[in-house]
Amino acid sequence: MHTIAEIAEALGLRTANGRPHVQLVCSLLKGIEAVPAYYESNSIPIYGHCVLPLLRQKYGRAVRYELPEQVKVCGRQFNVRYWPEEEPIFTVS
C-alpha cells in the first residue's frame, strides 16, 4: 500500500526541487480513475500495489516512452526530473 508521495518515489518522478512529484502522480491516478484502497486517519489516500504497473503504462504512453523534462498529462503541463526508481519505468520485452 502506498501514499501518493510513495508512488512518486517508487516511479522515480521528482519535481525540479527534487521532491516526489505528487501533483504529476495525482494527474496520472485521475487518468486511470484509480480509487484509494482506504484513507489513513488524517485523510491521506492509500493506494494498492496494483496501481504501480498501471501508472507506468499510463506515463509511458503519455511521454511516448522517452524521459522528457516537460510532460503533459490529463491536460496539465509538468516539469519533471527522474531519479532511479524501485523498478525501471519502462521494460523492454
A.B. asks: With sequence neighbours excluded, give me every salt bridge (charged side-chain N to carboxylate O under 4.0 Å, His left out) pair touching residues 25-53.
C.D. replies: none
A.B. asks: Applying side-chain contact (heavy atoms from CB on, under 4.5 Å), can you list everything that pairs with P45, at least two apart in sequence or on another chain?
C.D. replies: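 Testing P45 for side-chain contact (heavy atoms from CB on, under 4.5 Å), a comparison that skips the adjacent residues, returns I4, P36, Y39, Y47.
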A.B. asks: Can you see which heavy atom on S27 is nearest to which on F78, and at what distance?
C.D. replies: OG-CZ, 3.3 Å
A.B. asks: How far does CG of L24 sit from CD1 of I7, to the nearest 0.5 angstrom?
C.D. replies: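 Taking CG in L24 and CD1 in I7, the distance rounds to 11.5 Å.
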A.B. asks: Indicate every side-chain donor-acceptor pair of residues 11-20 with a distance under 3.5 Å to a residue at least two apart or in another chain.
C.D. replies:
residue	atom	partner	partner atom	Å
R14	NH1	G18	O	2.6
R14	NH2	E9	OE1	3.1
R14	NH2	E9	OE2	3.4
T15	OG1	N17	N	3.2
T15	OG1	G18	N	3.4
T15	OG1	R19	N	3.2
T15	OG1	R19	O	3.4

A.B. asks: Treating H21 as the side-chain partner and N79 as the backbone partner, does any N or O pair qualify as donor plus acceptor under 3.5 Å?
C.D. replies: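 Between the backbone of N79 and the side chain of H21 there is a qualifying donor-acceptor contact (under 3.5 Å).
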A.B. asks: Would you give the length of the straight line joining atom CZ of R56 to atom CG of L28, rounded to the nearest 0.5 angstrom?
C.D. replies: 12.0 Å
A.B. asks: Taking all atoms of both residues into account, what is the closest heavy-atom pair of L52 and A10, and its distance?
C.D. replies: CD2-CB, 4.1 Å
A.B. asks: With Q77, which residues qualify under side-chain contact (heavy atoms from CB on, under 4.5 Å), at least two apart?
C.D. replies: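 Q77 satisfies side-chain contact (heavy atoms from CB on, under 4.5 Å) with Q70, K72 once adjacent residues are dropped.
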A.B. asks: Residues in side-chain contact (heavy atoms from CB on, under 4.5 Å) with E69, at least two apart?
C.D. replies: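 E69: no side-chain contact (heavy atoms from CB on, under 4.5 Å) contacts found.
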A.B. asks: Output the rest of the hydrophobic cluster of M1: all Ile, Leu, Val, Met, Phe, Trp and Tyr residues reachable through side-chain heavy-atom contacts under 4.5 Å, sorted by chain and number.
C.D. replies: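 Noted: M1 shares its cluster with Y38, I44, I46.
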